[in-house]
Amino acid sequence: MKCLLDASYTLRGDKPAIRLFYKTREGSEIKEVTDFSPYFYATAKEDIAGLKKIIEKFDNVSGVEKQVRLDRGAEREVLRINVKQPRDVPSLRQEIKGLDGCEEVREADLPFAQRYIIDSGIIPMQHTKEIGLNVASFDMEVYNARGEPKAEKDPILMISYADNEGLRRVWSTKGKKLGLDYLVEVESEKEMIYKFIETVRERKIDIIVTYNGDNFDFPYLKDRCSFHNITPSLGLNNAKVKLERRGMNFGARVRGRPHVDMYPVCRQLFNLPRYRLEDVYFELFDQIKADIKAADMHRIWDSDDPVKLGEFIGYSMSDADATLRIALSLLPLQYELSRLIRLPVYECSRSASGQKVEHLLVGEAYKRNILVPNKPSERIFDERKTKSYVGAYVVDPIKGVHDNIILFDFRSLYPSIITSYNIDCSTIDCDCCSGERKKSPTGHYFCEKKDGFIPSVLGALVAKRVEVKNKLGEEKDPQKKSLLNVEQQALKLLANSMYGYFGFPRARWYSHECAEAIAALGRHYIHETIIKARASGFRVIYGDTDSVYLTLDELDLRDDIMRKAKNFLKEINNMLPGDMELEFEGFYPRGIFITKKRYALMDEHGMLSVKGLETRRRDWSEIVKDTQRRVLNTLLSDKDHKKAADIVKEVVAEIKEGAVPLEKLAINTQITRELGDYVQPGPHIIAAKKALRHGFDYKQGSIVTYIITRKGDSISDRARVIDLVEEGDYDADYYINNQLLPAVMRILEAFDYSEDELKGLGKQMTLDSFR
DNA sequence: ATACTACGGGG
DNA sequence: CAGTACGTAGTAT
């Protein structure tokens, strides 16, 4: 019984060797595979034998073989080119692509270890329950008196650690006398780092989890290690932590001990307005996690106030605890996805849904002897991005506040459309069928004789899910039940991503026509649902893509409404064919609908979920965020838009008087590049440059806190860093017109307020335009 | 309308 | 290392 945690390759002499990192019941095992060589394919324009002869003469090519593969549903001859080393592939594919007789180079961009996993058929992350993985989280607090902490100057103050065997630690250079059982005082930061690394190794940790460790904890830890001239040897065989570029961000890789960063995982799994650790913790466990403001940390540390220091250390411990708890609840799904997609958990947990689907398809293509299409070039990607189609059904909502809202979600509509219509680029408008029976509203039809590739993969996922759900129904053991539940979740997640994949501009199996046809059929079915809902006496407040928001005017009791809703659900589901299913997604006592994609709902616990409305980013001033919050809350709790409008009018008046303190008007924006490199400097850059002349230190990475003042022409001209502005010197018009009003108008436009009215200039256009 | 620039998580 | 995100929203021109 083995669990593949990680895979990579190394060179043994001039030969590549795949390294497989397993955990068994006995412990770690590293297996090396030396009889697998890198390869890719080439297709010929005409003379495949001639092309073969030319390629055979290349230096780093160890052999060329003629083979038959399926391409877009048809058989074709290809050349399989075996290569000596993976690193030879990029240059070779360029050269071969440039040959006169060569049409295309295929499958030349798959990482070597991933290629091996696909070809050998091994499955990562098996038997995780039986073997029992050791999971540990860690978190760091660092000194940050200058705002953004700088690794070359600011030390790590403490490292907190928690594992699933119950060990909890905070290593800190302060706090000895506080009597905290998890606190271990250390002499130095160096000792702190050593203790942490030692603990991970001694306790044979298999999975390291963090919250944003990819872009904060690990990079910072690495920098502090360099500072102290120590090696961050957290991996197996003393392997160092490695930072890899993943798009614009980093991924922190620990060889043989997969690091799973819960932040990207949560971003994929939940739909939340914010993804701070506390937000995710609340979402999962309904518990509020005490927070300490980053700006206060260095003061607490320097003050040596034992109470405050105790809170700070406790906070650090709670971060590691929370991260571990989140991980323990979400990792089973990550393991399951890793198994299904057959991608190691480090990569899988960081892949977006499009990449997940794609990797699954690459593996399934191998099994079916299908030649994998290439990724689009940047040019084609841009083309695809701009090419739109009549997408999902979205109707303008009935504007205003509504009570007792029921949400039905139609997500599994798309997978069942794909499988029942057999939608795929290998089946579209085939020669063997006429398509008269089943045409999509876009005019395309799909082969009724031969299964398409994606429908067959998707069909297998759906069938497997049905099987798992059946087992789930019979299973009594709660542990096995939860495993089965995770398995069906993973299958559902992948099945639901297939439609999006057809329209994903970077997809290898992208198909505009297929995506369009699926969307058109989706419109048809949801439209039918809405018509039937109306016929059953519901008021349809809003419908978007796969969901409908309904309410009943004549009933006010939650239970009555729920009963009627459930009955309607049954009625619809009885009429739907196959795996198609309308699902109950939620009940909301109150909600406000503004326009398409902009609404806020209050659930039964009084929690607000806001879509497309809030300005939470740091480049909005506090007064704007604050006023927006007040307006929303007033509308939802008092149902009184006049009261909400009055709040705005009050704030407008306050701004006009010059009475708003500067700190509430400050806008924060980061300098992301060298100051000289800006072609089109924004207000924060102009403000920073002006401040440089006054002796301030602004450079790449600094966050500029600035105010738009009265003196100057353009907005940039008038921007000054807050420390150089006198209280009251701000551009009231800017704050009213460019900050406050755009933000609150997003909400109040539903009530037919005009900007002028809110500014106190004109009259309200229509009073009580609804109920 | 288009180009450029920034946001997110973490302290 | 056979690999380089992403979708959205602001300002300036």
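Just so it is clear: chains get the letters A, B, ... in the order the sequence lines come, proteins before strands, and each one is counted from 1. All values reported here derive from a predicted model rather than from experimental measurement. Computed from heavy atoms alone, side chains included, the values below leave out hydrogens, waters and symmetry copies.
Atom CG of A:Asn249 is separated from atom P of C:dC6 by 12 Å (rounded to the nearest Å). In this entry the distance linking CE of A:Met140 with C1' of B:dG9 reads 14 Å, nearest Å. Between the P atom of B:dT2 and the CG atom of A:Asp382 lies a distance of 13 Å, rounded to the nearest Å. Separating the CG atom of A:Asp677 from the P atom of B:dA6 is a distance of 11 Å, rounded to the nearest angstrom. For A:Arg718 and C:dA12, the CZ to P distance is 9 Å, given to the nearest whole Å. For the pair A:Ile685 CD1 and B:dT5 C1', the interatomic distance rounds to 9 Å; values are reported in whole Å. Regarding A:Phe216, its CZ atom lies at a distance of 15 Å from the P atom of B:dG8, rounded to whole Å. A straight line from CD1 of A:Ile703 to P of B:dA6 spans 12 Å, rounded to a whole angstrom.
With distances taken from any side-chain atom of A:Val142 to the nucleotides C:dT11, C:dA2, B:dG11, the minimum falls on B:dG11. Listed nucleotides: C:dA12, B:dG11, B:dG9. Nearest to the side chain of A:Asn212: B:dG9. Checked against B:dG8, C:dA2, C:dC6, the side chain of A:Gln355 finds its nearest nucleotide in C:dC6. Distances were taken from every side-chain heavy atom of A:Asn144 (C-beta onward) to each of C:dG10, C:dA2, B:dG11; the shortest belongs to B:dG11. Listed nucleotides: C:dC6, C:dA2, B:dG11. Nearest to the side chain of A:Pro149: B:dG11. The A:Arg746 side chain lies nearest to C:dG10 when the options are C:dG10, C:dT11, C:dA2. For A:Tyr211, whose side chain is taken as the heavy atoms from C-beta onward, the closest listed nucleotide among B:dG10, B:dA6, C:dA12 is B:dG10. Relative to the side chain of A:Glu148, the nucleotides B:dG10, B:dG8, B:dT5 differ in distance, and B:dG10 lies closest. Of the listed nucleotides (B:dG11, C:dC6, B:dG9), B:dG9 has the atom at the smallest distance from the side chain of A:Tyr263.
Of the P atoms belonging to C:dT8 and B:dG9, the separation is 16 Å, rounded to the nearest Å. Of the P atoms belonging to B:dG10 and C:dT4, the separation is 28 Å, rounded to the nearest Å.
When the side-chain nitrogen and oxygen atoms of A:Tyr220 are compared with OP1 and OP2 of B:dG9, none of them lie within a distance under 4.0 Å. OP1 and OP2 of B:dG10 both lie 4.0 Å or more from every side-chain N or O belonging to A:Thr210. OP1 or OP2 of B:dT5 lies within a sub-4.0 Å distance of a side-chain N or O belonging to A:Arg673. OP1 or OP2 of C:dT11 sits under 4.0 Å from a side-chain N or O of A:Tyr734. Within the structure, every side-chain polar atom (N or O) of A:Tyr275 is placed at least 4.0 Å from both OP1 and OP2 of B:dG10. Residue A:Arg246 places none of its side-chain N or O atoms closer than 4.0 Å to OP1 or OP2 of C:dC6. Regarding contacts with the backbone of B:dA6, a side-chain N or O of A:His684 is found under 4.0 angstrom from either OP1 or OP2.
Salt bridge A:Arg255/A:Asp6: present, at least one basic N to carboxylate O contact under 4.0 Å. Salt bridge annotation for A:Glu107-A:Arg115: present, with a cationic side-chain nitrogen under 4.0 angstrom from a carboxylate oxygen.
Partner A:Tyr9 forms a ring-ring contact (aromatic ring centres under 6.0 Å, His included) with one of A:Phe112, A:Tyr116, A:Phe21 and no other, that one being A:Phe112. When A:Ile341, A:Leu361, A:Leu343 are each tested for a side-chain contact (heavy atoms from CB on, under 4.5 Å) with A:Lys356, only one passes: A:Ile341.
Among the heavy atoms of the strands, none lies under 4.0 Å from A:Asp296. Residue-level contact check: A:Met248 touches the bases, meaning some heavy atom is under 4.0 Å from a base atom. Within the 4.0 angstrom heavy-atom criterion, no nucleotide atom of any strand lies near A:Lys385. In this structure, A:Ser716 reaches the sugar-phosphate backbone alone: every heavy-atom distance under 4.0 Å involves primed, P, OP1 or OP2 atoms, never a base. Within the nucleic acid shown, A:Asp139 comes within 4.0 Å of sugar-phosphate atoms alone, with no base atom in reach, counting heavy atoms only. Contacts of A:Ala108 with the nucleic acid, taken as non-hydrogen atoms under 4.0 Å apart, include base atoms. Heavy atoms of A:Tyr315 sit under 4.0 angstrom from primed sugar atoms or phosphate atoms, though from no base atom. At the heavy-atom level, A:Glu107 lies under 4.0 Å from base atoms of the strands shown. At the heavy-atom level, A:Gly213 lies nowhere under 4.0 Å from the strands shown. Contact annotation for A:Ile715: backbone-only contact, meaning every heavy-atom pair under 4.0 Å involves sugar-phosphate atoms and none involves a base. Residue A:Tyr9 is classed as a sugar-phosphate contact, given heavy-atom separations below 4.0 Å to backbone atoms only. Using a 4.0 Å heavy-atom cutoff across all strands shown, A:Tyr39 reaches at least one base atom of the nucleic acid. In this structure, A:Leu277 reaches the sugar-phosphate backbone alone: every heavy-atom distance under 4.0 Å involves primed, P, OP1 or OP2 atoms, never a base. Residue contacts for A:Arg350: at a heavy-atom cut-off of 4.0 Å it reaches no nucleic acid atom on any strand shown.
Listed by chain and residue number, A:Ser316 satisfy the side-chain hydrogen bond (donor to acceptor under 3.5 Å, both in side chains) test with A:Ser160 (two or more places apart in sequence, or in another chain). Under the side-chain contact (heavy atoms from CB on, under 4.5 Å) criterion, A:Asp382 pairs with A:Lys385, sequence neighbours left out.
Around atom NZ of A:Lys150, more than 12 heavy atoms belonging to other residues, nucleotides or ligands sit under 6.0 Å away.
Inspection of the A:Glu244 and A:Tyr346 side chains reveals an N or O donor paired with an N or O acceptor under 3.5 Å.
When each of A:Arg267 and A:Phe312 is assigned the nucleotide of DNA chain B with its nearest heavy atom, A:Arg267 is the one assigned upstream, toward the 5' end.
Put simply, the side chain of A:Tyr501 gets close to the backbone of A:Arg508: a donor and an acceptor are under 3.5 Å apart.
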Subject >> Worked check of side-chain contact (heavy atoms from CB on, under 4.5 Å) between A:Ser351 and A:His359 >> reply: CA-CA 10 Å; A:Ser351 306; A:His359 197 82; over 6 Å; no
**OP:** Could you walk me through whether A:Asp697 and A:Arg146 pass side-chain contact (heavy atoms from CB on, under 4.5 Å), step by step?
**Re:** CA-CA 11 Å; A:Asp697 178 28; A:Arg146 280 168 292 273; over 6 Å; no
Original post:
Under a cut-off of 3.5 Å for both distances of each Watson-Crick or G-U pair, what dot-bracket string does DNA chain C give, using [ ] for crossing pairs and | for inter-strand pairs?
Top reply: .....||||||||
